[in-house]
Amino acid sequence: MTRPSPEWQIHSVFDIPDDFLQTLQRLTGVPGQYLAQLLWQRGLCHAQEIAGFLDAKHYLPTSPFAFGDEMEWAIARLQQAYHQQETVAIWGDFDADGITATAVLWDGLGQFFSKDKQLLYYVPNRLLESHGLSIKGLDLLAAKGCQLIVTCDTGSTNLREIDYAQTLGMEVIVTDHHTLSPVRPNVTAILNPRALPSNHPLAHLSGVAVAYKLIEALYTALPDVPQAPLEHLLDLVAIGLIADLVELKGDCRYLAQQGIEQLRQHQDSTTSIRPGIARLLELCKRSGDRPTDISFGLGPRINAISRIYGDAHFAVELLTSRNSERCRQLADDTETANTQRKALQKEVAQQVRTHLENLDLSTVSVIVLSDPQWSIGVLGLVAGQIAQEYGRPTILLSTEALFAQPAAQMTDTPPLARGSARSVNQIDLYQLVKAQEHLLHTFGGHPFAAGLSLPIEHIPVFTEAINRQLREQQFATGTKPGGMLQADLVVTVAELGKDLFRELKLLEPCGIGNPVPKLLIRDCWFENVRNANIKDWRGRKVRYIKTEFDLRDDSTADRFPGVWWEHYRDEIPQGRCDAIAELDFNTYHKRYEIRLIAVRSRTNHTSLATVQPTHGLLDWRKTTDPMPDTEALAMTHCPDSWDELRLWFRRAVREGRQLAIAYPPPTTEPPTEIWQRLVGLAKYLVRTDQTVTRTQLLEKLGVGDRTLQLGFQSLQALGFEITSSDIGFRLRWRGEPTGVNPTQAAEPFLAAISEEQFRRHYFYEVPLPAIEAIVGQAE
């Protein structure tokens, strides 16, 4: 079986106004032609926006009390715990965001509560437990006399466990950034940026950043208590933010920028206040002054602790202890775990590719594979690799008896498979999986990554259902499986080096919404191509391959070094090629180099599609004037997906018209009010025996089609019978079923409304150049 080759595209060149270029040069001190193109591609096309984006000193951070009453309640409860000397427990999570969030609370709250006496922390075991609160862990904390729990990076949907904590005499403050429950949990306070408008500067905070905002507010409320400066926590915040998949904009970007500055203080292990971080930087041969030092160095190592050992408690000690000898031992154990992780990841990835050899990928839209031998700890990493290689969302499941069988023995739940899912090509994986929620045991995540468990017996039907769903979406939008690889700039080998690196570095920290620039080098060739095994910190070879090379083209007689991770030299074509790469600085070898992303021979590929900027797109979203009398196709309904926008664009192209983005601000009506209106409509239709069309219901409720379907399911759970015909829907009343909780019946509908509103706020605020770049891929 041959892997699908994604189609290559290159952004077209924007005509940048002179005043924008002059402002950019004044702010940065570089000519900025390439930087200007990248900023415009990413929707930053107004001079007044770019100062705070490029330099944190020009950004005004948002007060933690912008969370409103929830922050006020949280601080009041922490002040009470401080004055009454209560025992407080931190409930963390085992990934890098959760570990750093736990460390922020441990150091931050540790200024107010005595560590290990009044202040405790609990981190679930990745290999034995799942994300979130658990009955077992709550019992353990209650036995230690805990009176208040502060969660981080988890807890928003743990309604049952939170209620159980209350029965044990423990109150809960939730700090999290994952999906909100439609019903507010029974907590003292819940700090979750999902509750904020999508354009709010705090809307994209990760778990560690929310935890930091809580400590920032506590420092404000009790300023005479803490002895350590608040900014000493920012290095931890940067690690969690960059290691997690969040959009680095607003306060997220500001905190990451400030945190990297703090991280640079750990280059000298003899003076570092965090000897654990200093030793990790030493082991991964990095200086701590680049976001890539986190994404390729610190982040994977922190994650490796739970991936290999399961228990990640010592990761918090590694990040917060001031004992140099102890930290050195823990860092060395962490490096050993990371070495094992690399080998295990390579082994599982090869096994997955072997499974794929037996599949006809022309019939596969979503890769779903399972195996009892796969370690749950590395499935997310491997799923990400496979998704990129094969251009398809990938879900990998382990049916390992360690967690599949005890669940069956202890409860009525059948044996479970657990695993991870990763997306690609802007496919919303969260919605894909959520649509099959009825087949799942647990599920959580976001559009790019998710974790899930389901009965093993459900895997075949889940696989078929999710593939059918994505095929239908791709057919409707004309999207081809295999995906798209998009380059941002065309450069030559002569342009690679210090000046270009300095210019591109101004975009850092990069992440979702602001990716590392991908450079297209045309008509180049490779010399001195050789394989190399990575060596661990003890000098032993690791079963993890890379290919090193020198790159040449006709622009210069000089060679430029590069590396292609996880690929063999035989995969580089002979002769003239086109290559897509990222420019980097190797702090260990003290040289500039490229990281190869993709390469293809020019023998069979001489053309490259260009992403059209679609200058004809009109933006009427925020105008107060009536829409002009033009022939433009006006899109007056706010979308909730890129696919919907692409469909409108394709229609405009077919009709030879401009597309006008003309939808009004989305509603902020509380989901409970929309639910009450739906129930009222249902009762009226039963009483009058009238029919109603789908269009009428969608307009009356202001929701999308999928959300309406969930509303029908909720009505049916309450006792309504719904039948459809050519003229519309008719409702009957069957009678209220016994044992049905109306609030629980409405939960799926309420959750869908909240998610839909969040998405529509995003599409109302997304800048026009970003829309132009995305919809320009439709043709």
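Source: prediction; values computed, not measured.
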Side chain to side chain, [X] and [Y], heavy atoms closer than 4.5 Å:
| X | Y | result |
| --- | --- | --- |
| Asn528 | Arg559 | yes |
| Phe526 | Val599 | yes |
| Leu21 | Gln25 | no |
| Asp244 | Thr100 | no |
| Arg552 | Val493 | no |

Nearest-0.5 Å distance that lies between atom [atom1] in [X] and atom [atom2] in [Y]:
| X | Y | atom1 | atom2 | answer |
| --- | --- | --- | --- | --- |
| Gln486 | His11 | CD | NE2 | 3.5 Å |
| Leu205 | Leu241 | CG | CG | 7.5 Å |
| Leu583 | Ile594 | CG | CD1 | 8.5 Å |
| Phe53 | Leu27 | CZ | CG | 12.5 Å |
| Leu381 | Ser420 | CG | OG | 8.5 Å |
| Ile580 | Leu489 | CD1 | CG | 11.5 Å |

N/O donor-acceptor pair under 3.5 Å between [X] side chain and [Y] backbone:
| X | Y | value |
| --- | --- | --- |
| Arg274 | His266 | no |
| Thr394 | Arg392 | yes |
| Asp97 | Val208 | yes |
| Tyr212 | Leu234 | no |
| Gln265 | Ser272 | no |
| Gln41 | Asp488 | yes |
| Asp578 | Asp523 | yes |
| Ser423 | Ile427 | yes |
| Glu495 | Thr492 | yes |
| Asn303 | Ala96 | yes |

Inset, instruction - Please identify each residue that fulfils side chain to side chain donor-acceptor pair (under 3.5 Å) with Glu282, with sequence neighbours left out. - result: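 Expected list: Arg279.
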In terms of heavy-atom contacts, does [atom1] of [X] have more than 12 from other residues, nucleotides or ligands at under 6.0 Å?
| X | atom1 | answer |
| --- | --- | --- |
| Gln574 | CD | no |
| Arg576 | CZ | yes |
| Arg569 | CZ | no |

With a 3.5 Å cut-off and sequence neighbours excluded, list the donor-acceptor pairs that the side chains of residues 501-513 form with protein atoms.
from: Glu503; atom 1: OE2; to: Gln33; atom 2: N; distance (Å): 3.4
from: Glu503; atom 1: OE2; to: Tyr34; atom 2: N; distance (Å): 2.9
from: Glu503; atom 1: OE2; to: Leu35; atom 2: N; distance (Å): 2.8
from: Glu508; atom 1: OE1; to: Arg290; atom 2: NE; distance (Å): 3.1
from: Glu508; atom 1: OE2; to: Arg290; atom 2: NE; distance (Å): 3.1
from: Glu508; atom 1: OE2; to: Arg290; atom 2: NH2; distance (Å): 2.6

Inset, instruction - Can you label the angle between the Trp40 ring and the Phe20 ring as parallel, tilted or perpendicular, going by 30° and 60°? - result: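 Answer is perpendicular, since the angle exceeds 60°.
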Legend entry - Minimum-distance pair of heavy atoms, taken over all atoms of Ala243 and Gly299: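 That would be CB-CA, 4.3 Å.
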Legend entry - Least distance between heavy atoms, Ala349 atom then Ile386 atom: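 That closest heavy-atom pairing would be O-CD1, 4.4 Å.
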Legend entry - Pair Gln351, Thr354: side-chain N/O donor-acceptor within cut-off below 3.5 Å: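 There is no such pair (donor and acceptor under 3.5 Å, judged by atom type) between the side chains of Gln351 and Thr354.
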Legend entry - Ion pair Glu548/Lys546, N-O distance below 4.0 Å: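 Salt bridge present between Glu548 and Lys546.
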Legend entry - Option passing salt bridge (Lys or Arg N to Asp or Glu O under 4.0 Å) with Asp293 (candidates Arg301, Arg286, Lys285):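 With Asp293 as partner, salt bridge (Lys or Arg N to Asp or Glu O under 4.0 Å) holds for just one option, Arg286.
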